[in-house]
Peer 1: 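Let me begin by handing over the structure; questions about it come next.
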Amino acid sequence: MSNATRIAKDPAMKKYFATLTAIAGLIALVLAAAPARAAGGDTPHYPIEKPALESWSFAGFFGRFDSAQLQRGFQVYREVCAGCHGLELIAFRNLTEKGGPNFSEDEVRALAAEYDITDGPDQSGEMFERSGVLSDYFPSPFPNDQAAAAGLGAVPPDLSVITKARGVSRGIQWTLLDFFTQYQEGGADYMHALLTGYSEPPEDIEVSDGNYYNPYFIAGPSLAMPEPLFDELVTYEDGSPETIDQYSRDVSAFLMWTAEPHLVERKRIGFQVVIFLFVFASLLYFSKKRVWASVPH
Amino acid sequence: MASTDTASHPEPSRRDFLYIATGAVGAVGAALTVWPLIDQMNPDAAALALATVEVDISSVEPGMSLTVKWRGKPVFIRNRTEKEIEEAQAVTISDLKDPLARNQNLPDNAPATDENRAVADNENILIQIGICTHLGCVPLGQQGAFGGWFCPCHGSAYDTSGRIRVGPAPENLHVPKYEFISDTQVKIG
Amino acid sequence: MAATTSYQPKSRLGKWFEARLPVMGLVHSSFIVYPTPRNLNYWWTFGAILSFMLVVQIITGVVLAMHYIPDAATAFNSVEHIMRDVNYGWMLRYLHANGASIFFLAAYIHILRGLYYGSYKDPREILWILGVIIFLLMMATAFMGYVLPWGQMSFWAATVITSLFSAIPLVGESITTWLWGGFAVEGPTLNRFYSLHYLLPFMIAGVVVLHIWALHVVGQNNPTGIEIKSKQDTVPFTPQATIKDSFAVVCILILFAWLVFFLPNYLGHPDNYIAADPLKTPAHIVPEWYFLPFYAILRAIPSKLGGVVAMFGSIAILIFVPWLDTSKVRSAVYRPIFRQFFWIFVLTGIGLGYLGSQPPEGGFVIAARILTAYYFAHFLIVMPLVGLLERPKPMPSSITESVLAKGKSGDGSPAETGA
């Protein structure tokens, strides 16, 4: 305490302080000015618009998936997206997992049987088609990337981990805050913004044929995917609104599950671990105090 | 926490209780931490998914066999001829080296009658794990002195019901757990 | 190392074993009765934290290696298989990935502690240099480990960093081809990185043993920078230091658990969840956060070779710190000018880290150059000059004196907070 005030009062120190403060200030100024200069730079930065922060059932300390939402999202995937996008890391059996869409095993067995899976070779060396079983993985709509590109002009990415493969930085101050709010839903927010974000391009942006303007797209002003969702495109059995917004939320939540199927278990165990560690740390703290009580330090 | 015995030990104090509690919590934490490290070596979800296999036997005619892979092992599925069934049923249990059925779908002490070896309501079909019970080689079908299976490694001969008759193998070929989920689909495992 | 151990095993078996391999005596003299300065603060717990994290990384790594496949076509999917199918695989993977971050966080704090308190000064020069070697091995290990998931960032970071070697005149191209095992980063590169990533942590463990040995020969530094003069200055390592280290480790575990269970991908980059594509470069290639300051220095210098030299130089310069710092006084507690420069150095490091994460455009470029220059100036100008020109504060004559005087003029901990 008195050290610091003694230093501050020394006239020689005041001069040093002034210099050092100037250096520190210069560094801070340089860093603060840098982003402003960069933003006025030549290369455009995408996405043009940053996604809004949505509320998700799986966000936060006690986040859980809503299995009804995941089931609807799966339906949207199946009826709208699966024509172009694969889901090769997901097996039919995963749909029965706890903490996920929670379909029954019979429902999934019936679902799997509707799919044709290439298997083989058989006794005569030929590949053959058979109905899917629980242990099979979702078949991709194209045998390989080249076939996809030939058919569509661009390769539709596999969607298994897409919500972990996309994230938009909102700047250093948000990045720091995210540590405390445990924000991990950037991919889902991005997905929802993209699916609902199609609009007419402004005057100064040129969109080539076969591309569609979307200011939320991460890699450019336009993308090769046309707007996939329309009102009443998919019939929901449970009476949920059949709107683009609802479809988009549901399929984004479903894709968060395909990317992180163990999310619920992870947060449950995490809660227990953190409580345990706080208790253990307290015990160790008091033990430490006891051990050091008789020792001047 | 007063103790009546203060002669040989100082009274256990709150300090000792604190240390014991800390140590105990630490030990519990260590044990809970170790479990995932051990459990990760257990078969994973993908392996467990292949713990059962569903087979379509509609194309297996009498006199034909089908071999499928189940849990890394061969399973023989045979549609037996009349002659093979008769020969199997004519054998008396006392002639058998191994009198037990070795059928996972029946109690352990079930005798090795052909009825207890073949599929319950379809005596034509015989399902068994194709691993010799001696040292694990895969026997050859429709060979050997008894018209069933013959293991070339050490000369064990099984009859048309898969029962060991001659040779060093100690047990009949094992029959795995199975269930017919339709007339032509059998789920093994 | 031949400590006069006072350890006498109680049991007959113990005596028999001890006469043949005196490990118990070694543990006893090194970690039980070992005299530790009584005034160490919590910045001294990071050595234990680092040892703990090394063990965590090795255990989780060995276990992950039971499931990972180091083949270019299947590596990415094998990691996803771990995340989805292997029992607790998701937890092991997140522990290992975030464990590396905690490992580096602790390492930086440990190094900064050394820089602040003059722990590198005579007679601890070799101890310090062993630490720099451990740091280099850590960086190599972490770099290769990040390549293994074979995501876009894995692949392109590997390409960028291995390509740096081509800047070396005459032999650069050959060395790069030799590193790659081909004409670009491909399957052979992945395989050898896997082999070396498994090997290096055990080399780190070996150097850590040397590091602790070197430490025990000269004794620990302490916040006053004044050497141990009598037994009164010390307490036995067990229970005093052991319990304090345990508490510190569990506190770090809370941070670790917060990351692993609630923010598992916070420190990572989304692009690494895209499988590697040699034909498509990501918009912004960035390394993991712990490499960012060095990445900024690399990009700050316009010439390719210059950037490489500056980057490696920025780590190599640490080796010379014991001789660059001319101060007769060890601890910054008694070095009021140096103390201020230390914190500016910390700010510089953080600033460089931030700049490393940003695209090298506009104002960021100039800022990176200024801070890179300052980084080197700290070692080459500040350290020698301040040591010569500064007038240190009066120091206590011993650790005990500083501890006993604690009530009056402040203890041996840094007074920068003034609280």
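Just so we're on the same page: letters track the sequence lines, and every chain starts at 1. Quick caveat, the model's predicted, so the values are computed rather than measured.
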Peer 1: Rounded to the nearest 0.5 Å, what's the gap from CE on C:Met66 to CE on B:Met41? Could you check?
Peer 2: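 C:Met66 atom CE to B:Met41 atom CE measures 4.5 Å (nearest 0.5 Å).
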Peer 1: Have B:Asp44 and C:His67 got a donor and an acceptor in their side chains that come within less than 3.5 Å?
Peer 2: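 No, no side-chain donor-acceptor contact under 3.5 Å.
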Peer 1: Do other residues, nucleotides or ligands put more than 12 heavy atoms under 6.0 Å from B:Glu115 CD?
Peer 2: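 Incorrect, the count does not exceed 12.
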Peer 1: Would you compute the distance between atom CG of B:Leu37 and atom CG of C:Asn87 and round it to the nearest 0.5 angstrom?
Peer 2: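 With rounding to 0.5 Å, CG (B:Leu37) is 12.0 Å from CG (C:Asn87).
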Peer 1: Looking only at heavy atoms and a cut-off of under 4.5 Å, which of B:Gly29, B:Pro43, B:Ala45 has the most pairs with chain C?
Peer 2: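 When all of B:Gly29, B:Pro43, B:Ala45 are compared, B:Ala45 has the most.
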Peer 1: Taking atom CD of C:Gln232 as the centre, does the number of heavy atoms from other residues, nucleotides or ligands within less than 6.0 Å exceed 12?
Peer 2: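 No, the 6.0 Å shell around CD holds no more than 12 heavy atoms from other groups.
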Peer 1: Could you measure the distance from the OG1 atom of C:Thr60 to the CD atom of B:Gln40? Nearest 0.5 Å is fine.
Peer 2: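 C:Thr60 OG1 to B:Gln40 CD: 10.5 Å, rounded to 0.5 Å.
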